[in-house]
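Data block below; observations after.
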Number of protein chains: 2
Amino acid sequence: MTDILRHRPGYALRRAANAMMAELARRLGTIDLRIAEASVLLLIDGRTDATASEIGRILDIQRANMVPLLNRLEEAGLIERRPIDGKSQAVLLTGAGRARRHEADAITTAFEEDLMARIAPGHRDHLVPALDALWGEAPQHEDHSHGDHSHEDNSHEDNSHAG
Amino acid sequence: MTDILRHRPGYALRRAANAMMAELARRLGTIDLRIAEASVLLLIDGRTDATASEIGRILDIQRANMVPLLNRLEEAGLIERRPIDGKSQAVLLTGAGRARRHEADAITTAFEEDLMARIAPGHRDHLVPALDALWGEAPQHEDHSHGDHSHEDNSHEDNSHAG
DNA sequence: GCCAGATCGTTATTGACAATAGCATTCCTG
DNA sequence: CAGGAATGCTATTGTCAATAACGATCTGGC
């Protein structure tokens with residue numbers, strides 16, 4: 001019945017990603033973190049100079065979308081914003097943030113192990129390389145029909161998340 | 001830099017899926033279709049008895065979310081709703097819908113070929129099997145804390161889309 | 001024939017994530 | 001110092017998904 005869908009790489013990819021995301025979101029929910037939030041915690045651990053813009057660039061989260069995300073983390077007492085200069089501010093983990101990061105790390109690591117365990121050994125090692133081949137190469141959006149894009153990096157469409 | 005992310009299966013999966021989705025959405029956008037809409041067109045082609053509920057079950061789209069989706073398709077003149085009985089209605093393609101489905105099919109097929117072409121031959125054949133292993137088995141949500149789930153299938157979290 | 005339970009389509013609301021446009025401030029460089 | 005770039009932010013919109021609730025209809029058991 002759904003075989004028409006099952007062998008379609010695009011559909012399988014979408015669906016697997018969704019199932020994965022839902023499950024990971026559920027698990028991270030137990031420590032009151034969203035996926036994107038956990039990604040940030042994992043990323044800035046050990047750093048004291050990561051700016052919001054930089055985090056956004058790495059995780060492919062728009063500058064604008066970083067704001068409410070960081071606000072939530074700050075309100076939860078997990079991160080702290082410390083001015084670097086008048087314009088930038090470093091985002092760094094608080095004590096509570098480090099503890100939470102630890103939990104998040106345990107959850108995502110365990111999750112990924114569960115994930116890989118579901119895949120037959122013969123296929124297992126090929127998954128990540130295959131996926132990596134798919135993500136980076138935005139296959140030439142020709143023009144975007146903008147014409148200028150003077151400032152603002154003209155990045156692509158992806159996003160963030162740990163997992 | 002992003003190597004910390006790149007080797008994480010969950011992150012790679014999420015990111016690959018997003019890049020893929022964005023690209024497919026862009027291509028389908030040229031014929032004024034969203035991914036979910038194209039999925040429906042591809043699914044109901046050749047059928048005259050597919051109900052909204054059934055489509056939703058197959059594509060894992062909630063009944064409630066089928067409504068606006070089908071409304072858009074109907075307003076675009078691509079589908080037609082025909083009463084089966086007082087309660088159910090068949091969703092079937094109009095002439096324009098069949099034509100559009102054809103275009104959508106060409107686009108998604110070409111897209112998937114491009115997708116696979118990006119993957120090194122050695123990995124290529126393992127992707128779909130690996131992904132399929134990930135999606136179906138919702139790894140026991142223990143309980144869902146509902147207690148009963150008498151009616152309504154207790155499906156999981158995925159969704160739809162061709163691609 | 002009637003009633004209970006299931007199913008169908010629908011409305012409405014909420015959530016997560018993303019994209020865009022625009023703005024004030026600050027930094028950097030010539 | 002001036003102009004361009006970067007930073008952080010507000011506000012809005014869009015896509016997809018989940019939930020709750022409702023009226024209506026179908027179905028099976030009696």
Side-chain angles (χ1 to χ4, degrees), chain A residues 14-15 17-19 21-22 24-26 28-29 33-40 50-57 59-72 74 81 83-91 144 146 148-161, chain B residues 14-15 17-19 21-22 24-26 28-29 33-40 50-57 59-72 74 81 83-91 144-146 148-161 163:
Chain A
R14 168 80 147 117
R15 186 120 168 191
N18 254 56
M21 293 276 300
L24 178 58
R26 195 184 64 81
L28 286 174
L33 282 181
R34 300 180 191 170
I35 294 180
E37 294 168 349
S39 309
V40 171
T51 67
S53 290
E54 184 195 352
I55 297 170
R57 267 190 301 272
L59 297 180
D60 263 308
I61 300 177
Q62 303 286 317
R63 245 174 26 252
N65 295 327
M66 287 294 303
V67 179
L69 197 166
L70 293 180
N71 283 345
R72 279 193 303 272
E74 190 170 36
R81 297 193 233 215
I84 293 182
D85 52 30
K87 165 170 86 167
S88 307
Q89 43 191 310
V91 178
H144 262 252
H146 280 123
D148 85 76
H149 54 61
S150 40
H151 58 312
E152 205 77 64
D153 70 48
N154 52 332
S155 55
H156 358 311
E157 311 80 354
D158 327 330
N159 42 327
S160 57
H161 339 79
Chain B
R14 167 78 148 120
R15 186 118 167 193
N18 254 57
M21 293 277 299
L24 179 56
R26 195 185 64 81
L28 286 174
L33 283 181
R34 299 179 191 169
I35 293 179
E37 293 168 350
S39 309
V40 171
T51 66
S53 290
E54 186 194 351
I55 297 170
R57 267 190 303 272
L59 297 182
D60 263 308
I61 300 176
Q62 302 288 315
R63 249 181 14 260
N65 295 328
M66 288 295 301
V67 179
L69 197 166
L70 292 180
N71 284 345
R72 281 192 302 270
E74 189 170 35
R81 296 193 235 215
I84 294 181
D85 52 30
K87 166 169 82 168
S88 307
Q89 43 191 307
V91 177
H144 263 248
S145 72
H146 280 122
D148 84 77
H149 54 60
S150 38
H151 58 314
E152 208 74 61
D153 71 46
N154 51 333
S155 56
H156 358 310
E157 313 80 352
D158 330 330
N159 41 329
S160 56
H161 342 73

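Numbered from 1 within each chain, the chains take letters A, B, ... in sequence-line order. Being a predicted model, the structure only gives us computed values, none of them experimental.
Atom CD of B/Gln89 is separated from atom P of D/dA24 by 16 Å (rounded to the nearest Å). The distance between atom CD1 of B/Ile61 and atom P of D/dA18, rounded to the nearest whole Å, is 10 Å. Atom CD1 of B/Ile84 is separated from atom C1' of D/dT25 by 13 Å (rounded to the nearest Å). A/Glu37 has its CD atom 12 Å from the C1' atom of C/dC17, to the nearest Å. A/Arg15 has its CZ atom 14 Å from the C1' atom of D/dC16, to the nearest Å. In this structure, B/Met21 places its CE atom 6 Å from P of D/dC16, rounding to the nearest Å. Taking atom CD of A/Glu54 as the reference point, atom P of D/dT7 lies 9 Å away to the nearest angstrom. Atom CD of B/Gln62 is separated from atom P of C/dT11 by 17 Å (rounded to the nearest Å).
Interatomic distance, CZ of A/Arg57 versus OG1 of A/Thr51, reported as 6.0 Å (0.5 Å rounding).
Neither OP1 nor OP2 of D/dG8 sits under 4.0 Å from any side-chain N or O of A/Arg63. For C/dA19, neither phosphate oxygen OP1 nor OP2 lies less than 4.0 angstrom from any side-chain nitrogen or oxygen of B/Arg26.
Within 4.0 Å of B/Arg81, counting heavy atoms only, lie sugar-phosphate atoms of the nucleic acid but no base atom. Residue contacts shown for B/Ala25 are absent, as no nucleic acid heavy atom lies under 4.0 Å away.
With a 4.5 Å cut-off on side-chain heavy atoms, B/Met66 and B/Val91 do not count as touching. Contact of the A/Arg14 side chain with the B/Leu24 side chain is not registered, since no non-hydrogen atoms from C-beta on lie closer than 4.5 Å. Looking only at side-chain heavy atoms (C-beta outward), B/Ile61 and B/Ile55 stay at 4.5 Å or farther from each other.
Checked by distance alone, B/Lys87 brings a side-chain donor or acceptor within 3.5 Å of a matching partner on the base of C/dT7.
If A/Leu70 and B/Arg72 are placed on DNA chain D by their nearest nucleotide, the residue sitting closer to the 5' end is A/Leu70. Nearer to the 5' terminus of DNA chain C, by closest-nucleotide assignment, is the contact made by B/Ser53 (compared with the other of B/Ser53 and A/Asp85).
Residues passing the side-chain hydrogen bond (donor to acceptor under 3.5 Å, both in side chains) test with A/Arg72 are A/Glu37, sequence neighbours excluded.
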